Protein chains: 2
Amino acid sequence: MPKRVDHAERRTEIAEALLRVARRHGLHAVGMRDVAAEAGVSLRLVQYYFQTKEKLLLFGLELLAERFGERVSARVRAAGDSPGPRVMVEALLMAALPTDDESRTFHHLYTSYAVLSVNDPALAAQPFIKHPDAAEDALTELLRQAQEAGLLEPGADARLEAAGLLAMSAGLGTSILVGQRSPESATTVLDHHLNRIFRTGKAVLT
Amino acid sequence: MPKRVDHAERRTEIAEALLRVARRHGLHAVGMRDVAAEAGVSLRLVQYYFQTKEKLLLFGLELLAERFGERVSARVRAAGDSPGPRVMVEALLMAALPTDDESRTFHHLYTSYAVLSVNDPALAAQPFIKHPDAAEDALTELLRQAQEAGLLEPGADARLEAAGLLAMSAGLGTSILVGQRSPESATTVLDHHLNRIFRTGKAVLT
DNA sequence: GGTTTTGTGATACGAACGTACCACGATGTT
DNA sequence: AACATCGTGGTACGTTCGTATCACAAAACC
């Protein structure tokens, strides 16, 4: 019964199914048939909307990055009403830590994609440069504002601090993912580091 | 012509072949036949020395971690003759950054294994806890010594700084791996962070 | 010296994978 | 009304994968 259907929407549904099954069994283990079953459609349809598996994976990565970017910026915006810029900085860094299921999924799959991109250049190295760069720019801007407001320690370099903070957050995220570190211990580490960048150490991570 | 052969040695050779082909094509893409060809033996032999693929992968992970641990501690020992403890700290952190082919391979494959371990608990979560913990202990000890020598900024917490530094180093490593950041820029970030932990900023990364 | 163990080769098997092909009803177009 | 296009199903094909099986020669053991 082919009523005219919205391709973009359908592709998104299928890609979401891809991400769900990838979270459950690992990205390396997803097959076209699994995605089809998860999405509740036939294998043929997955082929129809994405011609090849590689295109499906690529679209899945874009969707993943987009969704997570929205999540982070939403949290930062929500923290925008708060007293100091530090709250926004914390919101940005905390949103990236795998503390709940959504961010855990993101970390897991994003890292999976990153690993694949090392040997498969076709698998967009772009997202692994563009998105982190955007995050770094945003965080740098937040820190620069804090610096102009005199909230940072002297000698702080906004761009370098931003890069360091994001790298630390990513590294802590991986530690949490593999079970080496608890989310609480990770936030403690991050908080301690922020305390040495910000002049007033009053704000505390939740 | 079956002369008696050293099993441990043979297993190591095969596992090394596994790591080589994994570096080239990605860990997800290695098959038993690839390993056999790379090692110059028949498929049957790979089966003979490792009964199953999972055991081969597991052994490969152990070998990878062991080799890299030796590399890092060798560099730290080599820096032991130097003036201050900071040189040793830098040696430890720098050895972990994917600046040359060996460390790049390590980062790539270790991350690949970490991703797999999320869904495959059989694939030793152990190494992803034991080895980082050991590194953290070692770095904590180095920082504690520096602290007692009065080389650290006041308010420094050796354990927290160690955890933060290692996380940052790991995160920077991933950035380098995916091509977002150059090794030079990563060392700059790391150096800047060390400068805020150590009192005297005289020592410089090479 | 006969027998058991050990190392090695070749090959077969069943499953799963990505992709291609064929068919067909419903919809839109002229 | 005729026809082209779109969405969908089913299924087949060729490959590759991990593993299992059969066979056999060299060495070790008693």
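Side chains are part of it too, since the values below use all heavy atoms of this structure and drop only hydrogens, waters and symmetry mates. Letters A, B, ... mirror the listed sequences (proteins, then strands); counts begin at 1. Note that the structure is predicted; figures quoted are calculated from it, not measured.
B/Arg24 is linked by a salt bridge (charged side-chain N to carboxylate O under 4.0 Å, His left out) to B/Glu38, counting only residues two or more places apart in sequence or in another chain.
Near-neighbour residues of DNA chain C inside residues 5-24 of chain B, defined by a heavy atom below 4.0 Å, number-ordered: B/Val5, B/His7, B/Arg10. The stretch residues 28-54 of chain B touches DNA chain C through B/Arg33, B/Ser42, B/Arg44, B/Leu45, B/Tyr48, B/Tyr49, each having a heavy atom within less than 4.0 Å of the strand.
Going from atom CG of B/Leu56 over to atom C1' of D/dC17 covers 14 Å, rounded to whole Å.
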>> Could you go through B/His28 and A/Asn119, starting from their C-alpha distance and side-chain angles, then the distance that decides it, and tell me whether this counts as side-chain hydrogen bond (donor to acceptor under 3.5 Å, both in side chains)?
In response: CA-CA 10 Å; B/His28 68 283; A/Asn119 298 106; 5.4 Å; no
>> Let's go through A/Tyr110 and A/Phe128 carefully: what are the C-alpha distance in whole Å and the side-chain angles of both, what is the deciding distance for ring-ring contact (aromatic ring centres under 6.0 Å, His included) to 0.1 Å, and is it a yes or a no?
In response: CA-CA 9 Å; A/Tyr110 197 74; A/Phe128 300 104; 5.0 Å; yes
>> I'd like to know whether A/Asp191 forms a side-chain hydrogen bond (donor to acceptor under 3.5 Å, both in side chains) with A/Thr188, so could you lay out the CA-CA distance, the side-chain angles of the two residues, the decisive distance to 0.1 Å, and finally the verdict.
In response: CA-CA 5 Å; A/Asp191 200 37; A/Thr188 302; over 6 Å; no
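A cation-pi contact, defined as under 6.0 Å to the ring centre and within 45° of the axis, links A/Arg86 to A/Phe198.
Salt bridge annotation for B/Arg181-A/Glu136: present, with a cationic side-chain nitrogen under 4.0 angstrom from a carboxylate oxygen. Between A/Asp137 and A/Arg144, none of the side-chain N atoms (NZ, or NE/NH1/NH2) sits under 4.0 Å from a carboxylate O, so this pair counts as no salt bridge.
Rounded to the nearest 0.5 angstrom, B/Glu161 CD and B/Asp157 CG are separated by 6.5 Å.
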